[in-house]
Amino acid sequence: MESRFFQDVYEVVRLIPKGRVTSYGAIAAYLGAKKSSRMVGYAMNNSHQQPDYVPAHRVVNRVGMLTGKHFFGPGNEMQTLLEKEGILVKDDKIINFKEFFWDPQKELTV
DNA sequence: CGATTGACGTACG
DNA sequence: TCGTACGCCAATC
């Protein structure tokens with residue numbers, strides 16, 4: 001697979017510490033393609049068929065909204081997973097998202 | 001091969 | 001402040 005973009009996305013997502021979250025755009029920016037933020041979301045969609053588990057529930061949009069919660073299950077499974085990690089979610093949005101935000105570009109060596 | 005779509009983000013009115 | 005329009009790029013129809 002030459003598309004190392006997806007692989008990098010999965011790798012970064014796996015590196016997200018428990019109880020922390022990040023955004024699609026942040027990951028895209030870390031990979032040097034912030035214009036392709038949509039591809040990050042697409043990668044998440046494909047992450048379900050990846051051999052290794054990808055904590056996609058720790059990835060939300062720039063506002064901290066659980067836009068892809070429907071991809072986890074019929075109910076609020078994504079929200080449940082986040083709350084289980086200590087992240088409070090209200091109205092499909094992460095409370096204090098700014099505090100829980102984990103910037104790969106900042107945490108990981110650029 | 002062209003058109004449409006999408007787990008985003010920014011710009012504009 | 002809120003809603004709409006558009007750009008990006010890969011996958012799907």
Side-chain angles (χ1 to χ4, degrees):
Chain A
M1 213 210 295
E2 335 244 297
S3 322
R4 134 189 164 183
F5 186 84
F6 280 29
Q7 309 250 339
D8 287 342
V9 172
Y10 304 137
E11 186 176 352
V12 174
V13 175
R14 290 197 200 96
L15 291 174
I16 301 175
K18 184 180 179 183
R20 290 298 201 85
V21 292
T22 190
S23 68
Y24 305 96
I27 295 173
Y30 174 72
L31 298 180
K34 64 180 181 182
K35 303 287 188 178
S36 308
S37 52
R38 305 186 82 155
M39 296 301 93
V40 178
Y42 212 99
M44 294 295 94
N45 188 326
N46 195 43
S47 71
H48 286 280
Q49 60 184 328
Q50 289 304 311
D52 297 325
Y53 174 69
V54 179
H57 61 276
R58 295 180 188 152
V59 184
V60 295
N61 65 358
R62 71 175 183 89
V63 189
M65 190 162 141
L66 281 53
T67 49
K69 69 166 191 173
H70 196 68
F71 280 68
F72 279 82
N76 298 355
E77 187 173 327
M78 185 175 183
Q79 177 175 337
T80 302
L81 289 171
L82 289 171
E83 291 182 340
K84 191 173 287 189
E85 296 186 358
I87 300 176
L88 300 179
V89 179
K90 180 73 173 180
D91 191 36
D92 293 345
K93 285 175 301 204
I94 296 175
I95 301 176
N96 297 331
F97 171 67
K98 191 171 155 189
E99 296 181 12
F100 290 115
F101 186 72
W102 179 82
D103 189 353
Q105 208 163 191
K106 181 180 177 182
E107 303 296 336
L108 302 178
T109 309
V110 185

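Below, read A as the first sequence line, B as the second, and so on, with proteins coming before strands; counting in each chain starts at 1.
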Taking heavy atoms of chain A and a 4.0 Å limit, find me the 5'-most and 3'-most nucleotide of DNA chain C within that range.
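Span of nucleotides near chain A: C/dG7 to C/dT12.
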Indicate if A/Phe6 and A/Tyr30 have the same hydrophobic cluster label, given that clusters are the connected sets of ILVMFWY residues with side-chain heavy-atom separations under 4.5 angstrom.
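In one cluster with A/Phe6: A/Tyr30, yes.
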Atom-pair distance ([atom1] on [X]; [atom2] on [N]), nearest Å:
X       : N     : atom1 : atom2 : result
A/Phe6  : B/dA7 : CZ    : P     : 13 Å
A/Tyr30 : B/dG9 : OH    : P     : 18 Å
A/Leu66 : B/dC8 : CG    : C1'   : 15 Å
A/Met44 : B/dG6 : CE    : P     : 18 Å
A/Lys69 : B/dG6 : NZ    : C1'   : 18 Å
A/Asn61 : B/dA7 : CG    : P     : 11 Å
A/Met65 : B/dG6 : CE    : C1'   : 14 Å
A/Tyr42 : B/dT5 : OH    : C1'   : 8 Å

For [X] and [Y], which heavy atoms make the closest approach, and how far apart are they?
X       : Y        : value
A/Met78 : A/Val59  : CE-O, 3.7 Å
A/Arg14 : A/Tyr53  : NE-O, 3.5 Å
A/Gly19 : A/Phe100 : O-CD2, 3.4 Å

B/dC8, OP1 or OP2 - any side-chain N/O from A/Thr67 closer than 4.0 Å?
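For B/dC8, OP1/OP2 do have a side-chain N/O of A/Thr67 under 4.0 Å.
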So, A/Asp91 side chain and A/Lys93 main chain: donor-acceptor pair closer than 3.5 Å or not?
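Not at all, since once roles are kept as given, no pair shorter than 3.5 Å links the two residues.
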Between the side chain of A/Thr22 and the main-chain N/O of A/Trp102, is any donor-acceptor distance below 3.5 Å?
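Confirmed, A/Thr22 side chain pairs with A/Trp102 backbone.
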A/Phe97 and side-chain contact (heavy atoms from CB on, under 4.5 Å): which partner among A/Val60, A/Ile87, A/Val89?
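Result: among A/Val60, A/Ile87, A/Val89, A/Val60 is the only option passing the side-chain contact (heavy atoms from CB on, under 4.5 Å) with A/Phe97.
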Which nucleotide, B/dA7, B/dG9, B/dG6, lies nearest any side-chain atom of A/Met39?
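Nearest listed nucleotide: B/dG6.
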Taking side-chain hydrogen bond (donor to acceptor under 3.5 Å, both in side chains) as the criterion, tell me which of A/Arg20, A/Lys18, A/Arg58 meets it with A/Glu85.
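So the option named by the test is A/Arg58.
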Within a radius of less than 6.0 Å around NE2 of A/His48, do more than 12 heavy atoms belonging to other residues, nucleotides or ligands occur?
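More than 12 within 6.0 Å, yes.
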Return the residues of residues 77-90 of chain A meeting this criterion: a heavy atom under 4.0 Å from some atom of DNA chain B. Order them by number, or give none.
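Of all residues in residues 77-90 of chain A, none places a heavy atom under 4.0 Å from DNA chain B.
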Is a donor-acceptor pair below 3.5 Å formed from side chain A/His48 to base B/dA7, judging by atom type as modelled?
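Under the 3.5 Å cut-off, the side chain and the base do form a donor-acceptor pair.
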Ignoring hydrogens and angles, are the base of B/dG9 and the side chain of A/Arg62 linked by a donor-acceptor pair under 3.5 Å?
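Looking at the base of B/dG9, it does not pair with any donor or acceptor on the side chain of A/Arg62 (distance under 3.5 Å).
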